[in-house]
Structure formats: C-alpha cells, structure tokens
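Notes for the one structure printed next.
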Amino acid sequence: MASSQASAFGLKDPSLIKFQGLIDGKWVDAKDGAKIVVKNPASNQELGTVPEMGLAETEEAIAAAAKAFPAWSTTTAKERHDILMKMYALMQQHHDDLGRLITLENGKTLTEGKGENTYSSSFIEWYAEEAIRTYGEQIPSAFKNVRNIVIKQPVGVVSIMTPWNFPSAMITRKLGAALAAGCTTVIKPPPETPFSALALAELASRAGVPDGVINVVTTEKNVAAVGKQMCESPIVKKVTFTGSTPVAKLLAGMAASTLKKVSLEAGGNAPFIVFDDANIDEAVAAAIVCKFRGSGQTCVCANWIYVHSTVYAEFASRLAEKVAAFKIGDGLDESTTHGPLIHSRATEKVTRHIEDAVSKGAQVLVGGKVVENTNFFQPTVLSDVPSDALINDEETFGPLAALVKFDTEDEVIKLANATEVGLAGYFFSRDIGRAWRVAEKLEVGMVAVNTGLISQAVIPFGGVKESGLGREGGPHGIDEYMNEKLIVFGGL
Ligand code: SIN
C-alpha cells in the first residue's frame, strides 16, 4: 500500500517518500494510529498521509535525541563535516525528486521547487564547512600565572519547528547548524508539507547520521501540546522556529520557563522603496522577484511598494503589464509561472486585504480575484493604497503588490518604519549618499540595495523588533547552537 502510494508521487526514487514519523531511527506511526491527510494545493487532492502524533511520541523523540547526544556531540568536527557533505551530495543527486516533492506539497513551480532544493542543500554544505571552524579563543589574563581559554560546545537537544512556505530550506537552515555543532534534534514539520522533512531525514540517515540524532514528529491537531512539550521539556536546550510573530511570542514564553536559548524568525512587513533616481527596469524586475516569489508567500516578500511620485505612473504601469503576463497553474506544468496558495485560508486573507484596500480608495490595476473553489489567486497590483489599509498591520502572505506614492526620503523612511516588525527592507537608488542613509535608517535586520533577492546560506538571516531573535546562516549562525565555556588555568 505504502509503496503504491509512494509511486503516485512520480519520483525516480520512491523510497524517499515516508508515510511515518521518525523516532530513534525507526519509522513509526502514531500510537493511536491517527493520521493527517496531506493535500496537493494545486488540485486539493490527497497526496498521502502521515501520523498525527502527540505528547507521548514527542517525549519519546526528545528522549531519543537525548540518548544520541553523548555519542554525536563527541564525534570530531571533521566526522560531522564529512557526513554533512555526504548529505549535501545526496541532495544534489536527488535534486529532481526533492524539487518535485516540494512542488507537490507546497504548490510552488517546479523551477522554484528545484531552486529551493539548491538553496536548502546550500545550508548543509555551508554548515558542513562551518563545523570545522568553531574556533575558541585565548584571552590574555588580568592575573599573573593564569590563562583564559574559551571553547565552544554543542548546546544539546534542539527543537526545530518550521513553516510550509519553504518545506525543505527552513529545515536545513536549522538542522545543518545543529548537526554541525554536535547537537541532536527533534523536528516538527508543518502538517501541510511533511514529506520534504521526512525525505531529508531519510537522506541524512543514508549519509550516516546515526539513529536518534534526527527525530521527526508529525502533528496537526495536537500541535499545541507537541509545541509546548518541545519548548518546555527540561531535556531540550534550544528552540528554533520560523513562522508567525504571534506563535513566536508564544513559544518564547514557553521556552522562558527553563531559560532555553531561542532563535525565532518571525513575520516581516517588508518595504520596497523606489526612489526617483532608480533604474526603473531593474526596480520592476526586482519587485517581481521580491513580491511574487512563492506566489508572495515568503517572510521577506515586499508587503508595501513605495514609489516616488515622479516615477510612480511609469513604475505602476510597467509592473502591472508584467504581472498581467503571469500564468498561474499547477507547478508541475512547465508553462506555469506562479503556483497556488497553500490553502483556502490563505486566499481568504488576500481577498480580505484587497476588499479592505479597495473600500478605502485603492484601485486594482491587475488581478484581484481568487479562482473560485481553488487555491489559485490572480497575481494582483493595487495602486494608491491608503496607509490605514489592513495591509499595514498584517503581512498579506500572498500575490498582492500594494503601491503607495511618496515625495520625500524622510516621509518614506517614516512610512517604512511604522510597523512593529522589521525583517527585510529593499530600496532602489543610484545615489551613494542616499544608499548609506536609507540603509542605516531602515529598522530591519536585512537591507537590500538595488536588488530584490537577499536569501543565501552565507548571510546572517534574521530580523529586529518583533521579527525575531537570533541569526541563521552566515559566519555566526552555528554559534546559536553552541555554548561558550570559559576555562581558567591557574597555578602556572
Ligand atoms: C521565509 O520566508 O521565512 C524565508 C525566506 C528566505 O529564506 O528567503
């Protein structure tokens, strides 16, 4: 049954499809046999099922990770490097399958699905290479005959909770760092896209990651209890999460009960600013990538597009023309440029944002409607969106570009910063002085100047304000999974 279900995914290696969770190296069902039905958002048809696990399975997974920690944490950095590089090679080898899997469960186009696999595997490669560079320090002592040494040690068991918008990359961004540091893990993937997580666990095992180092607990209805246990268990030493700001706050509160380390990558409400001296062609192309990547379902998507009044009409018409040429459809169809949203709650939110903005005076330049009884939403450009529109308070997380006119640099910086969150910000200008001023003044963790795409494994990804805590990737990403320990040698 499982093998015929797996072959329906159309993968070259159907054994990458797992319909069970992973605890202590064993593929297992929920104790009560309950299941989650996973659907392809393009068709709303069932793709397959995974177990609806609960507290008991979570406790077992945490215990398995704790049991595996002493051996894994004392492997050499070079051994962990080699295993991670094998996993990276396997992700390359299964590139087509992993890309297809992402498309099937998330809906993004196959080009984007494969692109995500490239992005996802780059975290494994990056952290493999970081594993061998977790240098400590020797600090000159304040006292005679004393020497100070700082070493870095893995924190212990890590709880990993991830979203559906990047079914693979949001896992490897955390898992790669955790494994490289010598930590063991319990992963809770989202119920919408568990198959990529399970396939990654399978490839990690093929690469030589020992039993219990990676455990995967799938859950939907029991998510509150599972999440609570993953945050509150005294065995767990770190919680890492990507998702919404309200959930990030909830998890941080739970993790605080045992003062765990936390990394939280939460919501954004990114401004995209086009100044009057911008190269308009490049700004339009970047706005498209930035706003409509994943059909607008990324935390770093532009939520507001502020355009200087002197170039507003030109920018708006060129953007609308390009967006009108998009083709929405099943991501597996080669002619599709943009896939569906994840589910009907997502299309309802976009509809609510458009209706609200239009009722307050915005105009629809292109798109504006859901394709009835589907998860497809017409890519939309709204002009003259008023500042009291709902979009101002909530991330749309959908294919809606909201255009606003501005006149001065000070005015647009105030508008861009008038939000509780601050993940990414983008602007286009060829004035070097302005580039420095605006980059420094935007209240975000990541600024993109004259580009619409920032995401890479090599950068410190993360936000300020209510967009989260900590940084993922980059030269210091692995430090989030390690404790510094001071050793003072006296009596020399
Ligand atoms: C996210 O949407 O949370 C991550 C986006 C990215 O890594 O580019």
Side-chain angles (χ1 to χ4, degrees), residues 99 102 105-109 111-127 160-177 187-190 192-193 196-197 200 240-248 251 262-272 286-303 338-339 341-342 346 349 394-400 421-426 444-448 451-474 477 480:
I102 291 168
E105 59 181 0
N106 167 280
K108 61 181 71 175
T109 64
T111 306
E112 287 183 305
K114 289 184 189 175
E116 181 176 340
N117 185 56
T118 301
Y119 183 38
S120 179
S121 60
S122 75
F123 286 106
I124 299 296
E125 182 192 33
W126 173 258
Y127 282 116
I160 297 178
M161 294 178 245
T162 57
W164 46 260
N165 63 338
F166 288 89
S168 177
M170 294 306 101
I171 292 176
T172 54
R173 173 182 262 171
K174 301 169 191 306
L175 181 68
I187 303 173
K188 188 206 75 58
E192 292 88 347
T193 61
S196 294
L200 287 174
T240 173
F241 166 79
T242 295
S244 73
T245 295
V247 175
L251 300 180
V262 289
S263 299
L264 305 167
E265 197 258 280
N269 188 355
F272 185 105
I288 284 173
V289 173
C290 176
K291 174 67 249 184
F292 294 99
R293 172 175 171 233
S295 294
Q297 302 174 107
T298 82
C299 294
V300 287
C301 271
N303 214 38
H338 292 79
L341 302 195
I342 191 72
K349 186 172 187 190
E394 297 175 6
E395 204 178 5
T396 304
F397 232 66
L400 160 58
V421 292
L423 188 59
Y426 307 80
V444 295
M446 300 173 286
V447 178
T451 176
L453 199 59
I454 52 178
S455 303
Q456 311 149 59
V458 302
I459 59 156
F461 191 102
V464 297
K465 304 204 286 193
E466 295 190 10
S467 282
L469 291 173
R471 292 292 179 268
E472 300 192 292
E480 305 263 349

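All ligand and atom numbering here is 1-based and tracks the order in the structure. Model, not experiment: these values are computed from the prediction.
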ask   = Can you tell if the side chain of Met161 reaches within under 4.5 Å of the side chain of Leu251, non-hydrogen atoms only?
value = yes
query = Under a 4.0 Å heavy-atom cut-off, what residues line ligand 1?
reply = Tyr119, Asn165, Phe166, Met170, Arg173, Thr242, Glu265, Arg293, Thr298, Cys299, Val300, Ser455, Phe461
Between Ser168 and Ser120, a side-chain donor and acceptor under 3.5 Å = yes
message = Once salt bridge (charged side-chain N to carboxylate O under 4.0 Å, His left out) is applied, what residue pairs with a partner in residues 451-470 remain, sequence neighbours excluded?
response = Lys249-Glu466, Glu443-Lys465
query = Within 45 degrees of the axis of the six-membered ring of Phe461 and under 6.0 Å from its centre: does Arg471 put its NZ or CZ there?
reply = no
Qualifying residue for salt bridge (charged side-chain N to carboxylate O under 4.0 Å, His left out) with Arg173, from Glu116, Glu480, Glu265 = Glu265
ask   = Does a salt bridge link Arg293 with Glu112, judged by any charged N lying under 4.0 Å from a carboxylate O?
value = no
